[in-house]
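Working notes for the structure below.
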Amino acid sequence: MKRNPQPGHSLRLQPGDILASSPRNTRTELSIVPPVCLQRPHTGVWNIAVKELGYLEDWIRTTAIPILITGSRQSTPIPPQLDITTGHSDLRRALLSAGAMPAAERGALSIQATQARRDLPGILSMPPVSADRETIKAWVLSLDDATVVGTVVRIALVNPDPRALLHYLGELCAEAHAYQSQVWDESAEQTGSA
């Protein structure tokens with residue numbers, strides 16, 4: 001197997017293929033993420049499908065639809081998160097409230113956030129921080145995708161400085177405990193009013 005293969009390297013797996021090997025009782029990290037690729041017919045070049053679909057989405061949104069509607073590409077492009085499958089009673093409001101992140105970027109962010117939500121409880125429950133894993137899990141689930149990914153990115157940035165890392169991990173634990181206290185207070189209020 002090649003290290004960091006590129007799309008189209010034709011590394012097809014067969015039954016019995018060895019993916020990795022290491023000495024006994026040794027942990028070997030291995031990530032298997034099969035790329036879904038499209039081969040461009042005119043060049044024969046293989047490209048990652050999500051990127052190709054992102055290019056297509058961008059062209060349709062910024063070129064094809066504006067030309068079909070206005071006859072020119074000089075109009076403001078349609079925002080990526082505008083739902084064009086339904087009619088809008090107030091198109092101006094729909095355009096203003098539509099998000100600006102294309103689907104390919106939202107998908108990549110969602111994948112990163114899923115991994116970050118898996119990793120953060122383990123990171124924060126390790127010594128010397130040793131936070132309660134269930135508290136951290138509940139807090140992490142309450143965070144939006146961009147926030148949870150940003151948190152893991154910041155951990156990676158401060159990681160070389162042990163003092164800064166411990167300080168930041170302590171801040172995160174304090175946020176998690178504040179979230180837990182807020183949830184308990186809200187639960188007590190609902191129980192008391194029922």
Side-chain angles (χ1 to χ4, degrees), residues 4 7 29-38 47-63 65-66 76-86 88 90-126 128-187:
N4 298 321
E29 301 215 6
L30 178 66
S31 175
I32 301 173
V33 181
V36 177
C37 302
L38 301 172
N47 292 303
I48 303 290
V50 170
K51 290 182 182 179
E52 289 295 298
L53 293 172
Y55 298 145
L56 182 61
E57 178 267 341
D58 186 64
W59 179 82
I60 289 170
R61 184 175 55 77
T62 62
T63 304
I65 292 177
T76 303
I78 298 169
Q81 289 179 257
L82 178 68
D83 183 1
I84 60 172
T85 63
T86 62
H88 297 279
D90 186 346
L91 183 58
R92 290 183 202 278
R93 180 181 294 170
L95 287 168
L96 289 173
S97 66
M101 187 181 291
E105 289 179 32
R106 290 192 315 272
L109 181 64
S110 177
I111 290 168
Q112 292 171 344
T114 299
Q115 186 61 46
R117 284 188 179 95
R118 254 187 240 139
D119 293 348
L120 268 175
I123 292 169
L124 295 175
S125 63
M126 291 188 310
V129 179
S130 301
D132 177 59
R133 192 177 191 90
E134 294 307 312
T135 299
I136 301 300
K137 277 184 182 178
W139 170 68
V140 166
L141 288 174
S142 75
L143 302 175
D144 63 59
D145 288 353
T147 302
V148 76
V149 169
T151 300
V152 172
V153 167
R154 181 150 179 229
I155 289 171
L157 289 174
V158 298
N159 191 37
D161 180 353
R163 189 172 287 147
L165 178 62
L166 281 175
H167 178 74
Y168 185 55
L169 295 179
E171 287 178 2
L172 294 176
C173 289
E175 282 183 40
H177 288 297
Y179 171 78
Q180 182 183 39
S181 295
Q182 178 186 353
V183 168
W184 283 346
D185 291 346
E186 288 172 3
S187 176

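Atoms OG1 and CG, from T86 and L82 in turn, are 8.0 Å apart once rounded to the nearest 0.5 Å. Rounding to the nearest 0.5 angstrom, the gap separating the CZ atom in R154 from the CG atom in L165 is 10.5 Å. Here the OH atom belonging to Y168 is positioned 9.0 Å from the CG atom belonging to L124, to the nearest 0.5 angstrom. L143 CG to R117 CZ: the interatomic distance, rounded to the nearest 0.5 Å, is 7.0 Å. Taking CG of L120 as the reference point, atom CZ of R133 lies at 10.5 Å (rounded to 0.5 Å). Taking CG of L166 as the start and CD of E171 as the end, the distance is 11.5 Å to the nearest 0.5 Å.
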Query - Residues L172, I155; criterion side-chain contact (heavy atoms from CB on, under 4.5 Å); working and verdict - result: CA-CA 10 Å; L172 294 176; I155 289 171; 3.9 Å; yes
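In terms of the side-chain hydrogen bond (donor to acceptor under 3.5 Å, both in side chains) criterion, T76 has no residue partners (sequence neighbours excluded).
The two residues A138 and Y179 come nearest to each other via the heavy atoms O-CE2, 3.6 Å. Nearest heavy-atom pair, P121 versus S125, reported as atom, atom and distance to 0.1 Å: O-OG, 2.8 Å. Considering all non-hydrogen atoms of both residues, D132 and T135 come closest at OD2-OG1, 2.7 Å. Closest approach of W139 and A176 over heavy atoms only: CG-CA, 3.5 Å.
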Kindly list each side-chain donor-acceptor pair under 3.5 angstrom involving residues 95-105, sequence neighbours excluded, with atom names and distances?
unit_1	atom_1	unit_2	atom_2	d
S97	OG	R93	O	3.1
S97	OG	A94	O	3.3

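Remark: side-chain polar atoms of T114 are paired, donor with acceptor, to backbone N or O of S110 under 3.5 angstrom. One N or O on the side chain of H88 and one on the backbone of D83 form a donor-acceptor pair closer than 3.5 Å.
A salt bridge (charged side-chain N to carboxylate O under 4.0 Å, His left out) check over residues 175-187, counting only residues at least two apart or in different chains, returns nothing.
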